[in-house]
J.: 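Have a look at the structure that comes next, please.
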Amino acid sequence: MAEQGVLDVNDGNFESEILKADKPALVDFWAPWCGPCKAIAPVMEELEETYGESIIFARCNVDNSPNTPAQYSIRAIPTLILFQNGKVADQVVGAVPKSHLEAFVKKVL
Amino acid sequence: MPQDACDVAIIGRGPGGLQAAIHAAGKKVKVIVFGRPERSSLYKAHVANFCCFEEIVSGKQLLEAGKRQAESFDSVFVEQDIIETKSENNRFRLVTENGETFSAIAVILAMGIARKKLRVKGEKELLGRGVSYCVDCDANFYRGMDVAVVGNESAAAAGALTLLGYAKKVYLVCPKLTITDLLHEQLNHSDVKIIRDAWVKEIRGGTEVEAVLLTDGDVLKVNGVFVELGAKGAMELAANLGVVFDAETFSFIETNKKQETNIPGLYAAGDITGQPWQIAKAVGEGCVAGMEAAKYAKRLARS
Ligand SMILES: Cc1cc2nc3c(=O)[nH]c(=O)nc-3n(C[C@H](O)[C@H](O)[C@H](O)COP(=O)(O)OP(=O)(O)OC[C@H]3O[C@@H](n4cnc5c(N)ncnc54)[C@H](O)[C@@H]3O)c2cc1C
């Protein structure tokens, strides 16, 4: 799976790709106009290369898919939510360092 | 070259930006420097460890002397903050707090560092649940709601005006407002409710922000609080250009020995690239950035 890169998800496939997935997933809620979102994108890619076998790394454009972020009461981007068995395991707001995010995903390994 | 176009634009006029201006303008390219002397970390400092100055020297004096030096090499100073950056067709576009647009072939980021957190009760707890540090990112989540913007400088003032396009009611909490007259006028003629006699004491809410408690005891019922202290910094002005930040803290801009960022034509110098926060480092990096940016601009102007 690692060669797949960060998966784009949307309101239409969020349930099948994330909530019903057989693996935990880290979803980056972002938008193209958001600077901090841009800063964190390469960190997601790096983590995907390391942990992509056991965790799904995905991103959801809040501009094109407003329903999913509303469902999780997202009011700031980037917000990164860790899902396990269809439920929110944890979440982090803002552009955080890689080490921080790495410790975060290790919680569901 | 039109008045609002230059070869090298420098954002910041602390020691890093000033030294960059001196060295870039020394290479006979057109240089414009943005920013305010009194917002430099050096402005209130008394310096004893800067090489070749044996006596304690005031930071303010150093900043004034540096400006005269840079002007003697024909650098132009614009005493405004930059509130927006863009890159298009090998040029950078910078928008000032007065809404003026400048174009540059190369840009040097020398904005220093500034405090971004309010450090009040509720701020950390309600982050992402009504507390935001980025109007540009999050305004859209507050359509039809009431919000407060907190801050005394261009980021807060410009942010409040932006939010008028989204929110129902916008408060600006700004007891020590320092912005240009033009921006001031825009604010006064807008629907922004300006609060000048109090600061934020606490952000209140359960699962989401419900109100802001002010130092004079007043309570503003709001759904969101935008903390926009100071002028826009690295994350606000550089991240959207695709700049890479340091892996460890995600606060500083990564550069190589030529002070180049990962974006061609974009350089950084001074406190903004990380510790040590010292004048000597800022001017050293500024010198290199100024020369390299001038070289880059000349090369691109020819092509
Ligand atoms: C109290 C104090 C004492 C100090 N004492 C010493 C000392 O003794 N020796 C020493 O070596 N160092 C000292 N320092 C540190 C030193 O002042 C800094 O390392 C130095 O000023 C960094 O220079 P700079 O050019 O990177 O940034 P700064 O000097 O902080 O300048 C930043 C500039 O960027 C501008 N700016 C910011 N945002 C924007 C924007 N959006 N648009 C336009 N302009 C913008 C500001 O207006 C300002 O002009 C001291 C600092 C403090 C606070």
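Residue numbers begin at 1 in each chain, while the letters A, B, ... track the order of the sequences. Everything quoted here is computed from the prediction, not taken from an experiment.
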J.: Taking side chain as everything from C-beta outward and backbone as N, CA, C, O, which of these in A/Pro42 sits under 4.5 Å from a heavy atom of chain B? Side chain, backbone, both or neither.
T.: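 Neither; nothing under 4.5 Å.
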J.: In Å, rounded to the nearest 0.5 Å, how long is the span from SG of A/Cys34 to CG of B/Asn240?
T.: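 That separation rounds to 9.5 Å.
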J.: How close do A/Ala39 and B/Ala239 get, counting heavy atoms only, and between which atoms?
T.: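 The pair with the smallest heavy-atom distance is CB-CB, 4.2 Å.
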J.: A/Glu46 versus chain B, heavy atoms under 4.5 Å apart: side chain, backbone, both or neither?
T.: neither
J.: Could you pull out the closest heavy-atom pair between B/Ala247 and A/Pro97, with the gap in Å?
T.: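 Looking at all heavy atoms of both residues, the closest pair is O-CB, 3.5 Å.
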J.: Just verifying a value: how many Å separate A/Trp33 CH2 and B/Asp136 CG, rounded to the nearest 0.5 Å?
T.: 10.5 Å
J.: Measuring heavy-atom distances to chain A, does B/Tyr133 have an atom under 4.5 Å in its side chain, in its backbone, in both, or in neither?
T.: neither
J.: CG of A/Asn10: more than 12 outside heavy atoms within 6.0 angstrom?
T.: yes
J.: Please look at A/Ala31 and chain B and tell me whether the side chain, the backbone, both or neither of the residue comes under 4.5 angstrom of a heavy atom of that chain.
T.: neither
J.: For A/Thr79, is it the side chain, the backbone, both, or neither that has a heavy atom closer than 4.5 Å to a heavy atom of chain B?
T.: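 For A/Thr79, neither part sits under 4.5 Å from chain B.
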J.: Would you indicate whether the side-chain heavy atoms of A/Ser99 and B/Glu248 approach each other to under 4.5 Å?
T.: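 No, too far: nothing below the 4.5 Å cut-off.
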J.: State, with a plain yes or no, whether a side-chain heavy atom of A/Ile74 is found less than 4.5 Å away from one of B/Phe141.
T.: yes
J.: With a 4.5 angstrom heavy-atom cut-off, could you sort out which part of A/Val92 is near chain B: side chain, backbone, both or neither?
T.: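 Neither the backbone nor the side chain of A/Val92 comes within 4.5 Å of chain B.
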J.: Might you point out which heavy atoms bring B/Asp138 and A/Ile77 nearest each other, and give the distance in Å?
T.: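 Looking at all heavy atoms of both residues, the shortest contact is OD1-N, 2.8 Å.
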J.: Check this for me: B/Lys281, atom NZ, are more than 12 non-hydrogen atoms of other residues, nucleotides or ligands nearer than 6.0 Å?
T.: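 For B/Lys281, atom NZ is crowded (more than 12 foreign heavy atoms under 6.0 Å).
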J.: Between A/Arg75 and B/Glu208, does any side-chain N to carboxylate O distance fall below 4.0 Å?
T.: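 A salt bridge is present here (some side-chain N lies under 4.0 Å from a carboxylate O).
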